[in-house]
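All residue numbers in this chain count up from 1 along the given sequence.
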Amino acid sequence: MPDRVRLCAARDIGEGRARGFDLDDDGQDTIFVVRVAGKLRAWRNVCPHQGAAMALSRDVYLNAAGDRIMCYAHGAEFDPESGMCLAGPCLGRRLRSIKTEIDEEGALSVTL
């Protein structure tokens, strides 16, 4: 049975922002969540190009405009709604998505 993990209050991730979560408690984000166009989406922190972690620094998963996910290891750009690579070395491949839920108290959870 999949594990459901409570991450934070959904309101804690603002529009055009991202936040990483270290679910394995090993010092590196396992997943990250972005809010673009009002929607929260969660992704595995693994670029499909070479399996690299994606952030430039803590919680920096989006480009400066806040409208594309970036892999700062190799410059790949991803659509934040579909996870599809739009530019870079893994063109046409996708990020791995994670199901999100917001409960009645406004807490954001993911199902792994």
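For the pair Arg93 (side chain) and Pro48 (backbone), a donor-acceptor distance under 3.5 Å is present. Listed for the Arg41 side chain is no donor-acceptor partner under 3.5 Å among the backbone atoms of Gly83. Side-chain atoms of Arg35 come within 3.5 Å of backbone atoms of Ile13 as a donor-acceptor pair (strictly under, hydrogens ignored).
Listed here is the closest heavy atom pair of Cys85 and Cys90: CB-O, 3.2 Å. Closest of all the heavy-atom pairs between Pro80 and Val34 is CB-CG2, 4.3 Å. Closest non-hydrogen pair, Asp22 versus Asp25, comes out as OD1-N, 2.9 Å. Across Tyr72 and Met70, no two heavy atoms sit closer than the pair CE1-CB, 3.4 Å. In plain terms, the two heavy atoms of Leu40 and Ala10 that are nearest each other are CD1-CB, 3.8 Å.
Under the 4.5 Å side-chain criterion, counting only non-hydrogen atoms from C-beta, Asn45 is not in contact with Ile31. For the pair Trp43/Met54, no side-chain contact is recorded, criterion being any heavy-atom separation below 4.5 Å from C-beta on. Residues Phe21 and Val5 fail the side-chain proximity criterion, which asks for heavy atoms closer than 4.5 Å. Using a 4.5 Å heavy-atom threshold, the side chains of Arg68 and Val36 count as separate. No side-chain heavy atom of Thr30 sits under 4.5 Å from any side-chain heavy atom of Leu112. Annotation: side chain of Ile69 is in contact with side chain of Phe32 (closest heavy-atom distance under 4.5 Å).
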message: Please evaluate residues Glu101 and Thr111 with respect to the criterion side chain to side chain contact (heavy atoms under 4.5 Å, CB included), reporting the C-alpha separation (whole Å), side-chain torsions for both, the decisive distance (0.1 Å), and the verdict.
response: CA-CA 8 Å; Glu101 297 177 43; Thr111 302; 3.4 Å; yes

task: Give the C-alpha distance, both sets of side-chain angles, the deciding distance and a yes or no for salt bridge (charged side-chain N to carboxylate O under 4.0 Å, His left out) between Asp29 and Arg58.
output: CA-CA 9 Å; Asp29 293 338; Arg58 184 80 180 139; 2.6 Å; yes

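Taken to the nearest 0.5 Å, the CG atom of Leu23 stands 7.5 Å off from the CD1 atom of Ile98. Rounding to the nearest 0.5 angstrom, the gap separating the NE2 atom in His49 from the CG atom in Leu91 is 11.5 Å. Distance check, rounded to the nearest 0.5 Å: SG of Cys47 to NE2 of His74 gives 7.5 Å.
Hydrophobic clustering places Leu62 together with Leu95 (ILVMFWY residues linked when any side-chain heavy atoms are closer than 4.5 Å, directly or through intermediates). Taken together through direct or relayed side-chain contacts under 4.5 Å among Ile, Leu, Val, Met, Phe, Trp and Tyr, Phe78 and Tyr61 form part of one hydrophobic cluster.
Salt bridge status for Asp79 with Arg94: absent, with no side-chain N to carboxylate O gap under 4.0 Å.
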